[in-house]
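We're numbering straight along the sequence, starting at 1.
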Amino acid sequence: MPGGRLTQQDRQQIALGLADGLAYAEIARRLDRPTSTITREVMRNGGPTAYRADLAHRATERRTHRRKQAAPQGPAASPQAHGRDAEAVREYEELFTTVLMASGMPKMTSRVLACLTLTDSGSLTAAELVQHLQVSPASISKAITFLESQSLVRRERDARRRERYVVDDDVWYQSMMASARATAQLVEIARQGVGILGPDTQAAARLENIARFVDFVSESITRAAEQARDVLHTKPVATPGATAEPHADRE
């Protein structure tokens with residue numbers, strides 16, 4: 001039934017749909033499910049080329065078992081801010097994490113970045129991350145170190161002198177610029193190889209083509225990031241009795 005848990009038969013249909021080259025939306029339509037459900041299911045279980053229904057079903061059973069074991073005993077969890085559905089938020093956080101992992105980011109790093117990104121303040125302490133993700137402080141520290149190296153997170157001290165990890169409005173721009181700088185190094189190294197291998201050789205021609213291609217793409221990304229930077233600073237404006245409208249508050 002729509003909205004219920006995926007069955008093993010559902011997963012077999014997903015595997016068949018992937019084998020036939022169907023888009024997630026089409027698979028979802030055939031199963032009468034939201035596209036996000038299919039996307040999350042596939043991405044958390046190996047991606048479209050490695051998805052296997054039997055393995056995915058067993059993995060889900062294990063996750064459900066662990067979740068039940070880790071469920072807090074006693075009073076119910078505090079309500080979500082803004083009247084959000086706690087289960088929907090949890091599932092979306094898993095989906096966001098899975099997509100980050102699919103881009104090549106390590107699992108724990110993806111979990112930390114997703115957690116910070118989906119927090120209204122965009123800022124959490126190590127203790128808050130440990131509590132939310134139910135992992136060790138060492139795991140958080142390692143993930144933060146990686147995210148800092150990619151310019152995706154920065155550290156700051158709050159009024160109580162606690163160290164906080166922050167994803168602010170500009171962090172994706174800064175990360176894009178860091179990526180462009182790293183790409184520029186690849187261009188330089190490739191062109192060094194042209195001189196070493198000889199300009200009239202196939203290997204040198206290959207390196208020169210790589211350098212030209214990467215240089216063009218890097219310049220395009222840098223230019224686009226500069227032009228679109230204000231998009232990252234667009235914020236909603238709450239108007240009494242009206243739907244919030246976005247606006248850019250950055251000069």
Checklist entry - Considering only heavy atoms from C-beta outward, does the side chain of E41 approach that of Y51 to under 4.5 Å? => result yes

Next on the checklist: I'd like to check the salt bridge (Lys or Arg N to Asp or Glu O under 4.0 Å) partners of D200; sequence neighbours left out, ordered by chain and number.
Outcome noted: none

Next on the checklist: Between T39 and T35 (side chain of the first, backbone of the second, donor and acceptor by atom type, cut-off under 3.5 Å), is there such a pair?
Outcome noted: yes

Checklist entry - Are L232 and V167 joined in one hydrophobic group, where the rule is that I, L, V, M, F, W and Y side chains link up if heavy atoms are under 4.5 Å apart? => result yes

Next on the checklist: With rounding to the nearest 0.5 angstrom, report the CD to NE2 distance, Q12 to H57.
Outcome noted: 9.0 Å

Next on the checklist: Grouping I, L, V, M, F, W and Y whenever their side-chain heavy atoms are under 4.5 Å apart, do F96 and M101 come out in a common cluster?
Outcome noted: no

Checklist entry - Under the side-chain contact (heavy atoms from CB on, under 4.5 Å) criterion, do E93 and L133 qualify, and how do the steps go? => result CA-CA 11 Å; E93 185 173 326; L133 298 176; 4.0 Å; yes

Next on the checklist: Any carboxylate oxygen within less than 4.0 angstrom of a Lys/Arg side-chain nitrogen, looking at R90 and E87?
Outcome noted: yes

Next on the checklist: Quick check: do M43 and P48 have side-chain heavy atoms less than 4.5 Å from each other?
Outcome noted: yes

Item to check | R157, CZ atom: more than 12 neighbouring heavy atoms under 6.0 Å | outcome: yes

Item to check | Sequence-distant partners of R223, salt bridge (Lys or Arg N to Asp or Glu O under 4.0 Å), two or more places apart | outcome: none

Checklist entry - What is the distance from atom CG of L95 to atom OG1 of T98, rounded to the nearest 0.5 Å? => result 6.0 Å

Pairs under 3.5 angstrom only: tabulate donor-acceptor contacts from the side chains of residues 113-129 to other protein residues two or more places apart or in another chain.
{"residue": "T117", "atom": "OG1", "partner": "L113", "partner atom": "O", "Å": "2.7"}
{"residue": "T119", "atom": "OG1", "partner": "C115", "partner atom": "O", "Å": "2.7"}
{"residue": "D120", "atom": "OD1", "partner": "R84", "partner atom": "NH2", "Å": "3.0"}
{"residue": "D120", "atom": "OD2", "partner": "H82", "partner atom": "NE2", "Å": "3.4"}
{"residue": "D120", "atom": "OD2", "partner": "R84", "partner atom": "NH1", "Å": "3.1"}
{"residue": "D120", "atom": "OD2", "partner": "R84", "partner atom": "NH2", "Å": "3.3"}
{"residue": "S121", "atom": "OG", "partner": "S123", "partner atom": "N", "Å": "3.2"}
{"residue": "S121", "atom": "OG", "partner": "S123", "partner atom": "O", "Å": "3.0"}
{"residue": "S123", "atom": "OG", "partner": "R164", "partner atom": "NE", "Å": "2.7"}
{"residue": "T125", "atom": "OG1", "partner": "E128", "partner atom": "N", "Å": "3.1"}
{"residue": "T125", "atom": "OG1", "partner": "E128", "partner atom": "OE1", "Å": "3.4"}
{"residue": "E128", "atom": "OE1", "partner": "T125", "partner atom": "N", "Å": "2.8"}
{"residue": "E128", "atom": "OE1", "partner": "R164", "partner atom": "NH2", "Å": "3.4"}

Checklist entry - Transitively linked via ILVMFWY side-chain contacts under 4.5 Å: F213 with I210? => result yes

Item to check | Backbone N/O of A211 and side chain of D215: donor-acceptor pair under 3.5 Å | outcome: no

Checklist entry - Between the main-chain N or O of A138 and the side-chain N or O of S141, is there a donor-acceptor pair closer than 3.5 Å? => result no

Next on the checklist: List the residues meeting side chain to side chain donor-acceptor pair (under 3.5 Å) with Q13, not counting sequence neighbours, and say none if there are none.
Outcome noted: none

Item to check | Close side-chain approach of R33 and I14, heavy atoms under 4.5 Å | outcome: no

Checklist entry - Taking C-beta and beyond as the side chain, do R40 and E91 meet within less than 4.5 Å on heavy atoms? => result yes

Name every donor-acceptor pair, under 3.5 Å, that has one atom in a side chain of residues 16-26 and the other anywhere in the protein, sequence neighbours excluded.
{"residue": "E26", "atom": "OE1", "partner": "R29", "partner atom": "NE", "Å": "3.1"}
{"residue": "E26", "atom": "OE2", "partner": "R29", "partner atom": "NH2", "Å": "2.6"}
{"residue": "E26", "atom": "OE2", "partner": "R30", "partner atom": "NE", "Å": "2.9"}

Next on the checklist: What's the separation between atom CD in Q174 and atom CZ in R154, rounded to the nearest 0.5 Å?
Outcome noted: 10.0 Å

Checklist entry - Is the shortest side-chain N to carboxylate O distance from R229 to D170 below 4.0 Å? => result yes

Checklist entry - Do V112 and Y165 have side chains that get closer than 4.5 Å, going by heavy atoms? => result no

Checklist entry - What about V166 and F146, same hydrophobic cluster or not, with Ile/Leu/Val/Met/Phe/Trp/Tyr joined at side-chain heavy-atom distances under 4.5 Å? => result no

Next on the checklist: Under 4.5 Å between side-chain heavy atoms, counting indirect links through other Ile/Leu/Val/Met/Phe/Trp/Tyr residues: same cluster for I140 and L100 or not?
Outcome noted: yes

Item to check | Residue list, salt bridge (Lys or Arg N to Asp or Glu O under 4.0 Å) with R52, at least two apart or on another chain | outcome: D54

Checklist outcome for this item: Taken in chain and number order and not counting sequence neighbours, the residues that satisfy side chain to side chain donor-acceptor pair (under 3.5 Å) with R155 are E148, E163

Item to check | I27 side, atom CD1; T37 side, atom OG1 - distance, nearest 0.5 Å | outcome: 12.5 Å

Item to check | Minimum heavy-atom distance N45-A59, with the two atoms named | outcome: OD1-CB, 3.8 Å

Checklist outcome for this item: By side chain to side chain donor-acceptor pair (under 3.5 Å), S139 pairs with (sequence neighbours left out) S136

Next on the checklist: Rounded at 0.5 Å granularity, tell me how far CZ in R11 sits from CZ in R58.
Outcome noted: 11.5 Å

Between side-chain atoms of residues 184-199 and protein atoms elsewhere (two or more places apart, or another chain), which donor-acceptor pairs fall under 3.5 Å?
none

Item to check | Which residues share a salt bridge (Lys or Arg N to Asp or Glu O under 4.0 Å) with R212, sequence neighbours left out | outcome: none

Item to check | side chain to side chain contact (heavy atoms under 4.5 Å, CB included) involving T183 - partner list, sequence neighbours excluded | outcome: S179, V214, S218

Item to check | Residues in side chain to side chain donor-acceptor pair (under 3.5 Å) contact with Q9, at least two apart in sequence or another chain | outcome: none

